[in-house]
Amino acid sequence: MPREFGVWSTVHNRFRQWRDAGVFETLLEGLIAEAAKRDEVDLKAWRGIATRYDKTPQSYLAGLHLRASMIWVKDLTRTA
C-alpha cells in the first residue's frame, strides 16, 4: 500500500466505516443514475452484469462496483 494512504490498519478501518455507512452503494447508485440519465453507457451491454453469471451476491456486487468505477474513470478523463 502506498505510504500516502497511511497505515494499513487506518486505511482498513476507514474502508470498513465507509462500507458500513453505505458510501460505496451511494456512489454506485449515483454513477448508474448519471449514466442512465445521459444514456451514454448501457450496463446491460456488459455481459457479466446482464446475465449475472456470478455465483454469489458478493461477486455480482463487485462486478457492479467495477463497472461503475470504469464509467466514473471514463467520465473523469473526458472532463479533465
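- The cluster map of Ile, Leu, Val, Met, Phe, Trp and Tyr, joined by side-chain heavy atoms under 4.5 Å apart, puts Trp18 and Val11 in different clusters.
- Taking 4.5 Å as the limit, every side-chain heavy atom of Ile71 sits out of range of all side-chain heavy atoms of Lys74.
- Residues satisfying the ring pair (Phe, Tyr, Trp, His ring centres under 6.0 Å) test with His65, not counting sequence neighbours, are none.
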For Phe15 and Phe5, what are the C-alpha separation, side-chain angles and deciding distance, and is it a ring-ring contact (aromatic ring centres under 6.0 Å, His included)?
-> CA-CA 12 Å; Phe15 170 81; Phe5 292 133; over 10 Å; no

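- The structure places OG of Ser9 at 10.0 Å from CZ of Arg14, a figure rounded to the nearest 0.5 Å.
- At least one donor-acceptor pair closer than 3.5 Å links the side chain of Thr26 to the backbone N or O of Gly22.
- The two residues Arg19 and Glu25 come nearest to each other via the heavy atoms O-OE1, 4.1 Å.
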